Amino acid sequence: MKHDPTTIFGYTDRFSARPGETLSFHVSSDEPTRYDASLVRLSHGYTGSAGPGFVEYDVPDASFAGNYAGEHHVCQPGSFVEIDDPNSVLADPTDVAISVYVYATLPLSDRADSIGAYHVTQNSISLTNKRQTICGTWDEDTATGYALVLDDGVPTVLWGDDGQARTLSTASVLQANHWYRLDLHFGSAAGEVQLTQTPIANCMNQFSDQASPIDVDETTASLGQGTPARSAHPFRIAALARRDGDRWLAVAPFNGKIGALTVTRGGDPIDGTGAQLLARWHFGRSSSDDGLLLWDVVDLSDNKLDGRCFNAPIRAVTGPFYAGLSEDFRNAPDEFDAIHFHDDDIADADWPVAFTFAVPDDLPSGVYAARLAAHDKAHYVPFIVGPGSRKKEVALLLPTATYLAYANDRTAFEADGAEVIVSHTPILNQNDIDLQNHPEFGRCCYEIHNDGSGVVFSSVRKPIITLQPKHRAWYGANGVWGLPADLCIVHWLDTLDCEFDVITDDDLDAGGYELLADYKVVITGAHPEYVTRGELDALDLFTARGGRLMYLGGNGFFATASFVPDQPYVMELRRSAGGTRPHQSNYGERRHATSGEMAGLWRHKGKAPQRLTGVGFAAQGFDRSTHYERLEDSRDPLAAFVFEGIGDDEIIGDFGIMGGGAAGAEIDCYDPALGSPPGTLVLATSGPLTDAFLVVIEEVYENLPGQGGTEHPYVRSDMVLGALEGGGGFFSVGSIAWTAALSHNGYDNNVARITGNVLRRFVAKEPLDQIID
């Protein structure tokens, strides 16, 4: 791995804070150096000559501003469970039996591209998936403790014998993606160690066919000279521990599921009769009343050796006793007695606090960043200052769930896939290089783990390179994406001298309608793709009660996200078995552990975006964008305000910094069959699109000729206006590229004019179904 001594990375503990609240910042430099930290307000992200350039405003006298000594910190991936064992019940394995079910997804270390297969040399950390931990306390440095592991796919027990490491292995490698039961028994002092490997039959295993005999692999060895020496390490499931200063790191992490783990002492070594139950961790049960499976791990024994998950392994997954009939883990917890671990999971880099920031009461709501500068280079750690005590009339809802879904997206570096998407050779930038140099920063929810399963968790608490506010062309496409695209809206509002508050997806999910109640207008970002049920309900109620929604994006309100209760810095995003998706969760594992919400598209759950905004995701293409052409509805007197100052036959948005037009990238169309409200006016539709634009998968029911290209009637972007009973309504442009056209010609253009016309009318108190002069 190449290290740049001038490279600094950082993150904050959450996306947003309100005045009076405190944020913590965590910073690492690849080599010790000094850096300057300062506070800036972000206004525009595109750095090209076609727009206003990168715009930031220094905020003087920030409490954290100053010069700091940089330190290097390791970002250690790998999920695991750590057990709270204050009385060291699990420290001594003498006369102890461990029974556990294992479903290894990557038993062999033959993946050269695996994150677990490269080595990080700082602080003597070595990551490898040759050894994968099932459970134990083993300390490699002192040869103390014990552990049950896979050594290149072979079940193996480790223990110490008078300062020497000893091992006992079965004879056969575990077959990937199949359940086995492993039974380990340590005898009394100077007794035997016994390890048994048994394939099990269930509805998900090929071993269930009676014509295929189930072979048991059993092996024994002498325990040694005496009682195995205890280690100082904690008991962990799916990883071992290694001390790194004041924290324990995860080493030898596991890939796959572990379930139904039981530890006993004494009794008959064959059938367990008379044994004392030390621990029985049930991974399908929760300590919460609602049955959600968060980070707590419940021990059913009297010892109450409960544990806690680290780095967000996947819960609510099918276990060894799954019957194949239920998809709701809350209704059949015994069938979901498993956790799926990965060696590349990362939910918290766990770096020490570099500095904190108590948000002043008089700091206006907006998009800010801690700017970390050294050697003429700067790294930004963006965050949101939420509403203060006096709310404005306008709120900008930033799609932070979508930011998390794409966090550290590496697709641009995978040239074959990126070329297909953007229809040209991707252009790499420094962000892409940084991501390749730092795979330990984690994967995005569009990628797969080392073991081939889809990534379903994302977190704020790690460096997110794709959140840098300067222009970042997605997949090398021509234009802005993510935060830089939404800063186009921020700068436009700044040029209008429009005061506004900024809220985030997790803010709205937690605050609900009450958070929106005092606003007249809510403006969305360019790509609010992933939202929670709470957000949709809040926005539905907002528009029903007279609020106005300006949807200035495309592919919005599309699919299901969940934030972890009380820990909204972590987002869960599973994929169902239908619609446009980069991967999909297995049967039985499509329900979010953190909310109980079924994964998938909102249109498949009765809450299609057309119901809220009048349009919904229809097609995508990333080579060139196009313009809009006015339709007959644009002459309706109720829509006159939209086109004030616009010619009757004027082409709209044949310009912009995302593909050269305002209609492009991911686009939405009007569809009353999916809920576009009666009376919705279709004001304009997109001009000709290129052959790179294809209709979304959810509109293709059979794979027949002529269904996918621009000839499909849904391959279009529609601009719509809807007036609702109660005075509220919506204006939607149905295009991600719209915001990137706002700044053209110094904001003297018809895209900015239309958007400004709508904002002024939406702020007015008169109902939208009323014509005003």
Side-chain angles (χ1 to χ4, degrees), residues 77-81 98-119 126-138 140 145-159 165-185 193-202 204-208 212-221 236-240 250-261 313-314 317-320 338-345 448-453 586:
S79 56
F80 60 93
V81 172
I98 297 175
S99 173
V100 62
Y101 290 79
V102 174
Y103 181 96
T105 52
L106 196 63
L108 300 177
S109 58
D110 57 358
R111 286 280 302 275
D113 60 336
S114 167
I115 285 181
Y118 78 90
H119 296 271
S126 177
L127 298 175
T128 176
N129 63 358
K130 179 178 177 60
R131 172 170 290 173
Q132 299 183 52
T133 306
I134 298 169
C135 63
T137 65
W138 177 248
E140 184 74 30
Y146 64 96
L148 179 58
V149 302
L150 297 184
D151 262 344
D152 224 7
V154 178
T156 300
V157 57
L158 309 171
W159 74 97
R166 294 193 62 189
T167 65
L168 173 67
S169 302
T170 62
S172 54
V173 173
L174 297 189
Q175 184 174 338
N177 303 309
H178 285 78
W179 281 106
Y180 292 79
R181 174 171 168 162
L182 301 181
D183 291 283
L184 165 63
H185 183 255
V193 178
Q194 183 180 65
L195 179 61
T196 306
Q197 167 186 327
T198 307
I200 69 164
N202 70 7
M204 310 295 278
N205 265 12
Q206 292 179 5
F207 299 132
S208 59
S212 301
I214 298 177
D215 296 324
V216 176
D217 190 339
E218 182 175 306
T219 185
T220 60
R236 282 183 171 178
I237 302 167
L240 294 174
V251 295
F254 185 75
N255 284 293
K257 300 179 189 180
I258 296 174
L261 175 52
I314 305 177
V317 295
T318 57
I339 299 179
H340 193 158
F341 301 92
H342 303 90
D343 64 0
D344 53 358
D345 282 331
I448 58 174
H449 287 290
N450 289 333
D451 69 355
S453 59
N586 292 331

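We number each residue from 1, following the sequence as shown. Remember, predicted model here, so these are calculated numbers, not experimental data.
Considering SG of C135 and OH of Y146, their distance stands at 7.0 Å, rounded to 0.5 Å. The CD atom of Q132 sits 5.0 Å away from atom CG of N255, with the distance rounded to the nearest 0.5 Å. Expressed to the nearest 0.5 Å, how far OG1 of T137 lies from CH2 of W159 amounts to 14.0 Å. In this structure, CD1 in I237 is found 12.0 Å from CZ in F254, a value given to the nearest 0.5 Å. D343 CG to L106 CG: the interatomic distance, rounded to the nearest 0.5 Å, is 7.0 Å. Annotation: the span from D152 atom CG to R131 atom CZ amounts to 10.5 Å, rounded to 0.5 Å.
For the pair D345 and H449, the minimum side-chain heavy-atom distance is below 4.5 Å. Between W138 and V149, the closest side-chain pair of non-hydrogen atoms is not below 4.5 Å. The side-chain heavy atoms of R181 and S99, taken from C-beta on, include a pair separated by under 4.5 Å. Contact check for I200 versus P320: side-chain heavy atoms found under the 4.5 Å cut-off. Looking at heavy atoms from C-beta onward, H340 lies in side-chain contact with D451 at the 4.5 angstrom threshold. Residues I258 and Y101 are not in side-chain contact: their nearest non-hydrogen atoms beyond the backbone lie 4.5 Å or more apart.
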I339 vs V317, side-chain contact (heavy atoms from CB on, under 4.5 Å): CA-CA, chis, key distance, verdict: CA-CA 6 Å; I339 299 179; V317 295; 5.5 Å; no
Stepwise side chain to side chain donor-acceptor pair (under 3.5 Å) check, T196 with D183: CA-CA 5 Å; T196 306; D183 291 283; 5.6 Å; no
Intermediate values then yes/no, side-chain contact (heavy atoms from CB on, under 4.5 Å), T220 and H185: CA-CA 9 Å; T220 60; H185 183 255; over 6 Å; no
L174 vs V102, side-chain contact (heavy atoms from CB on, under 4.5 Å): CA-CA, chis, key distance, verdict: CA-CA 9 Å; L174 297 189; V102 174; 4.0 Å; yes
Test log, rule side-chain contact (heavy atoms from CB on, under 4.5 Å), inputs L240 and F80: CA-CA 9 Å; L240 294 174; F80 60 93; over 6 Å; no
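T156 contributes no side-chain N or O that, together with a main-chain N or O of S169, makes up a donor-acceptor pair within less than 3.5 Å.
Partner of L184 under the side-chain contact (heavy atoms from CB on, under 4.5 Å) criterion, chosen from V100, L168, I134, V193: V193.
Between T170 and V154, the shortest heavy-atom contact is O-CG1, 3.2 Å. When all heavy atoms of A338 and G319 are compared, the closest pair comes out as CB-CA, 3.7 Å. Of all the heavy atoms in S79 and F341, the pair that sits closest is OG-CA, 3.4 Å.
Evaluation of the side chain to side chain contact (heavy atoms under 4.5 Å, CB included) rule for A176 yields P107 as partners, not counting sequence neighbours. Every residue meeting the side chain to side chain donor-acceptor pair (under 3.5 Å) condition with S172, not counting sequence neighbours, appears here in chain and number order: Q197, D217.
There is no side-chain donor-acceptor pair under 3.5 Å between R236 and T133. Side-chain atoms of K257 and T318 include a donor-acceptor pair closer than 3.5 Å.
Ring pair Y103/W179 is tilted by interplanar angle, where 30° to 60° counts as tilted.
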